[in-house]
**Q** 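Before anything else, here's the structure in question.
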Amino acid sequence: VRQSYAAEARAHGLQVQPEALGHSFREVYGAQSRRFPNYGRGQGLSSRQWWLDVVKQSFRLSGVQDEAALTKLAEKLYRDYCSSHNWEVLPGAAETLSRCRQLGFRMGVVSNFDSRLEVILSQCNLRHHFEFVLTSEAAGFAKPDGRIFEQALRLGGARPEQAAHIGDDYSRDYRAARAAGMHSFLLRAARQAEGPEVPPEHVLPTLSHLLARIEK
């Protein structure tokens with residue numbers, strides 16, 4: 001985030017240090033999430049306005065006070081994060097998803113994200129692998145709330161014990177899915193800091209390890 005925000009600022013003739021932007025973004029994002037959970041749904045805020053406010057305030061805290069420039073920056077960055085160049089597809093993701101489809105798995109996305117996710121997945125050439133995309137904004141609940149998993153199971157037409165969830169956050173993904181009665185795997189890259197103890201057979205060093213874990 002800090003690099004893309006700083007690059008966009010430079011394109012508008014503004015010099016802002018990426019480190020300052022990174023610090024400001026973390027602070028603002030946390031405060032906004034606490035004040036307006038789940039992108040302000042139910043509190044009179046659209047996810048678009050939620051994000052525009054986050055971007056503007058991140059730049060303000062980093063020293064940019066030109067309101068006209070802030071509006072342009074926020075609008076441009078909101079649009080840019082719908083495109084594939086600000087996202088990275090994990091190694092092995094496309095191949096693993098293709099193989100899962102070949103094996104007859106029905107797949108969906110359950111994400112604490114906003115309505116842009118459909119477009120992002122399409123831009124990254126991943127959307128066609130999934131039968132449904134369920135965001136927390138659409139569901140009205142964010143992981144680890146069990147109700148978003150219940151909605152996903154209904155969309156997938158599966159009972160909890162027939163389903164597996166793969167995610168990279170111990171509390172919101174791994175533990176929450178298991179609390180909902182599902183199988184669950186934790187994607188934990190080698191460079192990632194060690195967290196709570198998880199059975200080795202439930203840990204995925206990469207997405208390419210998924211099929212071997214399922215077979216076990």
**Q** Checking the side chain of Gln32 only, and the main-chain atoms of Trp50 only, is there a donor and an acceptor separated by less than 3.5 Å?
**A** yes
**Q** Counting heavy atoms not belonging to Arg172, are there more than 12 under 6.0 Å from its CZ?
**A**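 Counting other residues, nucleotides and ligands, CZ of Arg172 stays at 12 neighbours or fewer.
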**Q** How close do Val54 and Val28 get, counting heavy atoms only, and between which atoms?
**A** O-CG1, 3.7 Å
**Q** Out of curiosity, Leu155 CG to Leu134 CG, how far, rounded to the nearest 0.5 Å?
**A**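 Between atom CG of Leu155 and atom CG of Leu134 there are 6.0 Å.
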**Q** Backbone N or O of Asn86 within a donor-acceptor pair of the Asp80 side chain at under 3.5 Å?
**A** no
**Q** Got a sec: does the CZ of Arg178 have more than 12 other heavy atoms crowding it under 6.0 Å?
**A** yes
**Q** Find the distance between OG (Ser136) and CZ (Arg147) and round it off to the nearest 0.5 Å.
**A**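 Going from the OG atom of Ser136 to the CZ atom of Arg147 covers 13.0 Å.
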**Q** Below 4.5 Å, heavy atoms only, C-beta onward: do Leu61 and Gln57 meet side chain to side chain?
**A**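 Yes, at least one pair of side-chain atoms sits under 4.5 Å.
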**Q** At what distance, to the nearest 0.5 angstrom, does NZ of Lys143 lie from CG of Asn38?
**A** 12.0 Å
**Q** So which heavy atom on Leu210 is nearest to which on Cys100, and how close?
**A**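 In terms of heavy atoms, the two residues are closest at CD2-SG, 4.2 Å.
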**Q** Considering all heavy atoms of both residues, which atom of Val1 and which atom of Ser4 are nearest to each other, and what is their separation?
**A** O-OG, 3.1 Å
**Q** Does any N or O in the side chain of Arg127 come within less than 3.5 Å of the main-chain N or O of Glu118, such that one atom is a donor and the other an acceptor?
**A**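 Judged by distance alone, no pair lies under 3.5 Å.
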**Q** Quick one: list whatever passes side chain to side chain donor-acceptor pair (under 3.5 Å) with Gln49, sequence neighbours left out.
**A** Asp53
**Q** Can you name the nearest heavy-atom pair linking Ser24 to Ser58, along with the distance?
**A**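 Scanning both residues, the minimum pair turns out to be CB-O, 3.3 Å.
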**Q** Let me check something: do Met107 and Phe149 share a hydrophobic cluster, defined by ILVMFWY side-chain heavy atoms less than 4.5 Å apart, either directly or through other members?
**A**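 No, separate clusters.
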**Q** Decide yes or no for Ile214 and Leu103: does some side-chain heavy atom of the first lie under 4.5 Å from some side-chain heavy atom of the second?
**A**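 In short, these two side chains do not touch, never coming nearer than 4.5 Å.
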**Q** Do Phe141 and Val133 share a hydrophobic cluster (ILVMFWY, side-chain heavy atoms under 4.5 Å, transitive)?
**A**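 Phe141 does not cluster with Val133.
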**Q** Measure the acute angle between the ring planes of Phe25 and Trp51, then classify it against the limits of 30° and 60° as parallel, tilted or perpendicular.
**A** parallel
**Q** Could you tell me whether the side chain of His23 and the main chain of Glu19 form a donor-acceptor pair under 3.5 Å?
**A** no
**Q** Quick one: are Phe59 and Leu21 in side-chain contact, heavy atoms under 4.5 Å?
**A** yes
**Q** Taking all non-hydrogen atoms of both residues, which atom of Gly92 and which atom of Ser208 are closest, and how far apart?
**A**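 Minimum heavy-atom separation between Gly92 and Ser208: CA-OG, 3.6 Å.
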**Q** Output yes when a side-chain donor or acceptor of Gln43 lies under 3.5 Å from a complementary backbone atom of Arg35, and no otherwise.
**A**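 Indeed, once roles are kept as given, a pair shorter than 3.5 Å links the two residues.
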**Q** Do Thr71 and Lys56 have side chains that approach each other closer than 4.5 Å (heavy atoms only, starting at C-beta)?
**A** yes
**Q** When rounded to the nearest 0.5 angstrom, what distance separates CE in Met182 from CG in Leu153?
**A**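 Answer rounded to 0.5 Å: 5.0 Å.
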**Q** Scan for ring pair (Phe, Tyr, Trp, His ring centres under 6.0 Å) pairs involving residues 98-128, sequence neighbours excluded, and state none if there are none.
**A** Trp87-Phe113
**Q** Does any donor atom in the side chain of Ser115 or Tyr39 lie under 3.5 Å from an acceptor atom in the other side chain?
**A**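 Judged by distance alone, the side chains do not pair up.
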**Q** Show your reasoning for whether side-chain contact (heavy atoms from CB on, under 4.5 Å) applies to Asn112 and Asp169.
**A** CA-CA 11 Å; Asn112 289 357; Asp169 186 276; over 6 Å; no
**Q** Could you check whether any side-chain heavy atom of Arg60 comes within less than 4.5 Å of a side-chain heavy atom of Glu67, counting everything from C-beta outward?
**A** yes
**Q** Are Tyr5 and Val55 side-chain neighbours, meaning at least one heavy-atom pair lies under 4.5 Å?
**A** yes
**Q** Do NZ/NE/NH1/NH2 and the carboxylate oxygens of Arg48 and Glu75 come within less than 4.0 Å?
**A** yes
**Q** Looking at Tyr170, I'd like to know if the NZ or CZ of Arg188 sits under 6.0 Å from its six-membered ring centre while staying within 45 degrees of the ring's axis.
**A** no
**Q** Within the structure provided, determine whether Thr206 and Thr96 are in side-chain contact (heavy-atom separation under 4.5 Å).
**A**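 Side-chain contact under 4.5 Å: no.
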**Q** For Arg41 and Glu137, indicate whether the former's side chain and the latter's backbone hold a donor-acceptor pair under 3.5 Å.
**A** yes
**Q** Do Phe185 and His209 have side chains that get closer than 4.5 Å, going by heavy atoms?
**A** no
**Q** May I ask you to check whether over 12 heavy atoms, not counting those of Gln162, lie within 6.0 Å of atom CD?
**A**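 Correct, the count exceeds 12.
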**Q** Closest heavy-atom contact between Cys82 and Val119?
**A** O-CG1, 3.7 Å
**Q** What's the separation between atom CZ in Arg116 and atom OH in Tyr81, rounded to the nearest 0.5 Å?
**A**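 If we round to the nearest 0.5 Å, Arg116:CZ and Tyr81:OH are 9.5 Å apart.
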**Q** Could you tell me whether a side-chain N or O of Asp168 sits under 3.5 Å from a main-chain N or O of Leu187, the two making a donor and an acceptor?
**A**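 Looks like no, no N/O pair under 3.5 Å.
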**Q** Report whether Val16 and Tyr29 are members of the same hydrophobic cluster (ILVMFWY, side-chain heavy atoms less than 4.5 Å apart, transitive linking).
**A** yes
**Q** Distance-only, no hydrogens or angles: does the Arg106 side chain make a donor-acceptor pair with backbone N or O of Gly156 under 3.5 Å?
**A**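 It does hold such a pair.
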**Q** Before you tell me yes or no, could you show the steps for Thr135 and Ser47 under side-chain contact (heavy atoms from CB on, under 4.5 Å), namely the whole-Å CA-CA distance, both residues' side-chain angles and the distance that decides it to 0.1 Å?
**A** CA-CA 12 Å; Thr135 65; Ser47 58; over 6 Å; no
**Q** Applying side-chain contact (heavy atoms from CB on, under 4.5 Å) to Ser184 and Asp173, what does each step give before you reach the verdict?
**A** CA-CA 8 Å; Ser184 186; Asp173 292 320; 5.7 Å; no
**Q** Between Leu97 and Arg101, is the side-chain contact (heavy atoms from CB on, under 4.5 Å) condition met? List the steps.
**A** CA-CA 6 Å; Leu97 291 169; Arg101 286 174 67 210; 5.6 Å; no
**Q** What class does the angle between the rings of Tyr174 and His202 fall in, given that below 30° is parallel, 30 to 60° is tilted and above 60° is perpendicular?
**A**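 Correct class here is tilted.
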**Q** Treating Ile, Leu, Val, Met, Phe, Trp and Tyr as nodes and any side-chain heavy-atom pair under 4.5 angstrom as an edge, say whether Ile148 and Leu117 lie in one connected cluster.
**A** no
**Q** Using modelled atom types and a 3.5 Å cut-off, is there a donor and acceptor pairing between side-chain atoms of His183 and backbone atoms of Glu161?
**A**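 Here the side-chain-to-backbone pair exists.
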**Q** How many angstroms lie between atom CG of Leu52 and atom CG of Leu70, to the nearest 0.5 angstrom?
**A**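 Reported to 0.5 Å precision, the distance equals 11.0 Å.
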